[in-house]
Amino acid sequence: MRDTIRLVGVRARGNHGVFEHERADGQDFVVDVAVEVDATAAADSDDLAETVHYGVLAEQVVAEIERDPVDLIETLAERIAAAVLTHRAALATEVTVHKPQAPIPVPFTDVSVTIRRERTSAADGTEEEE
């Protein structure tokens, strides 16, 4: 069974982008995260340890936005997805990174990249991301 935990509109300032002014001045990034879990055990036990703590996850997303700059929001999305999949209960994730202040010379509302990553079981019994 797959259930979904969503964080929508997590906002932080980062210095990501290919242009020097983006690196120097920074800008706001907005991230939406959907985490697929099986919530059955958490619901049955009423135990936070059986699910993904969305408060901790939100802090991790902000930390990824605020850390060392990257050129592409695709790279930022990958870093956030990798952080999501460190949670034992996370089976898969969909991460959307919005860059509403992207340096585009025409009127626009938003630019975003969405990626989806899943965890698969490795032959040695440990889990790895795909």
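- Thr75 meets the side-chain hydrogen bond (donor to acceptor under 3.5 Å, both in side chains) test with no other residue; sequence neighbours excluded.
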Please report, to 0.1 Å, the donor-acceptor pairs under 3.5 Å made by any side chain of residues 48-60, with sequence neighbours excluded.
| from | atom 1 | to | atom 2 | distance (Å) |
| --- | --- | --- | --- | --- |
| His53 | ND1 | Gly55 | N | 3.1 |
| His53 | ND1 | Val56 | N | 3.1 |
| Gln60 | OE1 | His87 | NE2 | 2.5 |

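- Residue pairs meeting the salt bridge (Lys or Arg N to Asp or Glu O under 4.0 Å) criterion with at least one partner in residues 60-70, sequence neighbours excluded, are Glu64-Arg67, Glu64-Arg79, Asp68-Arg79.
- When every heavy atom of Leu91 is checked against every heavy atom of Asp38, the shortest pair comes out as CD1-N, 3.9 Å.
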For residues 15-23, tabulate all N or O donor-acceptor pairs below 3.5 Å that involve a side-chain atom, not counting sequence neighbours.
| from | atom 1 | to | atom 2 | distance (Å) |
| --- | --- | --- | --- | --- |
| Asn15 | ND2 | Arg23 | O | 2.6 |
| His16 | ND1 | Val70 | N | 3.1 |
| His16 | NE2 | Ile65 | O | 2.7 |
| Glu22 | OE1 | Val18 | N | 3.1 |
| Glu22 | OE1 | Phe19 | N | 3.0 |
| Glu22 | OE2 | Gln27 | NE2 | 3.1 |
| Glu22 | OE2 | Lys99 | NZ | 2.6 |
| Arg23 | NE | Gly17 | O | 2.9 |
| Arg23 | NH2 | Asp71 | OD1 | 2.3 |

Would you give me the side-chain donor-acceptor pairs under 3.5 Å for residues 102-115, sequence neighbours excluded?
| from | atom 1 | to | atom 2 | distance (Å) |
| --- | --- | --- | --- | --- |
| Asp110 | OD2 | His98 | ND1 | 2.4 |
| Thr114 | OG1 | Thr96 | OG1 | 2.7 |

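- Of the possible donor and acceptor atoms, one in the side chain of Arg13 sits under 3.5 Å from a partner among the backbone N and O of Gly26.
- For the side chain to side chain contact (heavy atoms under 4.5 Å, CB included) with Val10, the lone residue among Ile80, Val61, Asp32 that qualifies is Val61.
- With sequence neighbours left out, Asp46 forms a side chain to side chain contact (heavy atoms under 4.5 Å, CB included) with no residue at all.
- Taken together through direct or relayed side-chain contacts under 4.5 Å among Ile, Leu, Val, Met, Phe, Trp and Tyr, Val30 and Val62 form parts of separate hydrophobic clusters.
- For the salt bridge (charged side-chain N to carboxylate O under 4.0 Å, His left out) test, no residue two or more places apart in sequence or in another chain qualifies with Arg11.
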TODO: Take Asp28 and Gln101 through the test side chain to side chain contact (heavy atoms under 4.5 Å, CB included) and record every step on the way to the result.
DONE: CA-CA 7 Å; Asp28 291 335; Gln101 299 157 344; 4.0 Å; yes
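- Under the salt bridge (charged side-chain N to carboxylate O under 4.0 Å, His left out) criterion, Asp47 pairs with no residue at all, not counting sequence neighbours.
- Partners of Asp25 according to the salt bridge (charged side-chain N to carboxylate O under 4.0 Å, His left out) rule, which considers only residues two or more places apart in sequence or in another chain, do not exist here.
- By the side chain to side chain contact (heavy atoms under 4.5 Å, CB included) test, Ala34 pairs with Thr4, Arg6, Glu94, sequence neighbours left out.
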